[in-house]
Amino acid sequence: DEKCYALSDYYINEIEARVDMNNWGKIMEEICKHYIELVRAGRERKYSLPVSRAIRYIDQHIYGTCKLKDIAKELKLHSNYLSSLFKDETGISVTQYIRNKKIEEAKYLLRNGEFSISEIAEMLGFNSLSYFSKVFQQGVGCSPREYRHIEGK
C-alpha cells in the first residue's frame with residue numbers, strides 16, 4: 001500500500017510537470033505497467049516459492065501446451081506434491097489455473113483483433129478450435145466469436 005501511495009504522488013508530480021499533452025500517453029503507459037508489476041509481485045509474494053515458480057512458469061509458457069507434469073519436471077518436484085501444494089495455496093488446481101490464464105490471454109487477443117479465432121486457439125496450444133470454443137464458453141459464458149462481437153472488433 002505504501003508503495004502505491006508513494007507512486008501515485010510521484011506520478012501526480014510527473015503529470016503536472018508535463019505541459020505537452022503528447023507525452024501523456026507515454027506516462028500513462030508507464031503508470032499502467034508499473035502498477036501491473038506491483039500487483040503481480042504482490043500476488044506472487046503470498047505463495048510459497050514452489051507455487052510462485054509454477055505461476056511464473058505458466059506465465060512464461062502460456063502460448064503452447066502447458067501441463068502439470070512439465071511444470072513439476074522443470075521445478076524438480078513430484079507432480080502430486082506440486083498439485084496438492086498449488087491447490088492448497090491458490091484454491092484451484094494447476095489445470096484450472098492454466099485454463100483461466102489461457103482464457104484471459106484469449107480475451108486479450110480477441111479484443112486486439114489481430115488474429116483469427118482459430119489462430120488464437122492454435123497459439124494458446126488448444127488441440128482444436130471446437131475444444132477452445134468449449135473451454136472459452138465455460139469460462140466466459142459466451143463463445144469467442146460472441147465475445148469479439150461484444151467487444152466491438
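Here the structure is a predicted model, which is why all the values come from computation and not from measurement. Reckoned from all heavy atoms, side chains included, excluding hydrogens, waters and symmetry mates.
With hydrogens and angles disregarded, a donor-acceptor distance shorter than 3.5 Å links the side chain of Thr90 to the backbone of Phe86. No donor-acceptor pair under 3.5 Å is formed between the side chain of Ser84 and the backbone N or O of Asn80. For the pair Lys102 (side chain) and Ile62 (backbone), a donor-acceptor distance under 3.5 Å is present.
Residues passing the salt bridge (charged side-chain N to carboxylate O under 4.0 Å, His left out) test with Glu119, sequence neighbours excluded: none.
Side-chain heavy atoms closer than 4.5 Å link hydrophobic residues (I, L, V, M, F, W, Y) into clusters, and following such links, possibly through other members, connects Val135 to Tyr108.
Annotation: the span from Leu85 atom CG to Lys87 atom NZ amounts to 13.0 Å, rounded to 0.5 Å. One finds the CZ atom of Phe132 at 7.0 Å from the CD1 atom of Ile117 (value rounded to the nearest 0.5 Å). Expressed to the nearest 0.5 Å, how far NZ of Lys101 lies from CG of Leu124 amounts to 12.0 Å.
Remark: Glu122 CD is loosely packed, at most 12 non-hydrogen atoms of other residues, nucleotides or ligands lying under 6.0 Å away. By the 6.0 Å contact criterion, CZ on Arg53 is open, its count of non-hydrogen atoms from other residues, nucleotides or ligands being 12 or less. Within a 6.0 Å radius of CG in Asn127, no more than 12 heavy atoms belonging to other residues, nucleotides or ligands are found.
Residues Ser143 and Ser133 are not in side-chain contact: their nearest non-hydrogen atoms beyond the backbone lie 4.5 Å or more apart.
The aromatic rings of Phe136 and Tyr147 sit perpendicular, their planes meeting at an angle over 60°, well past the 30° parallel limit.
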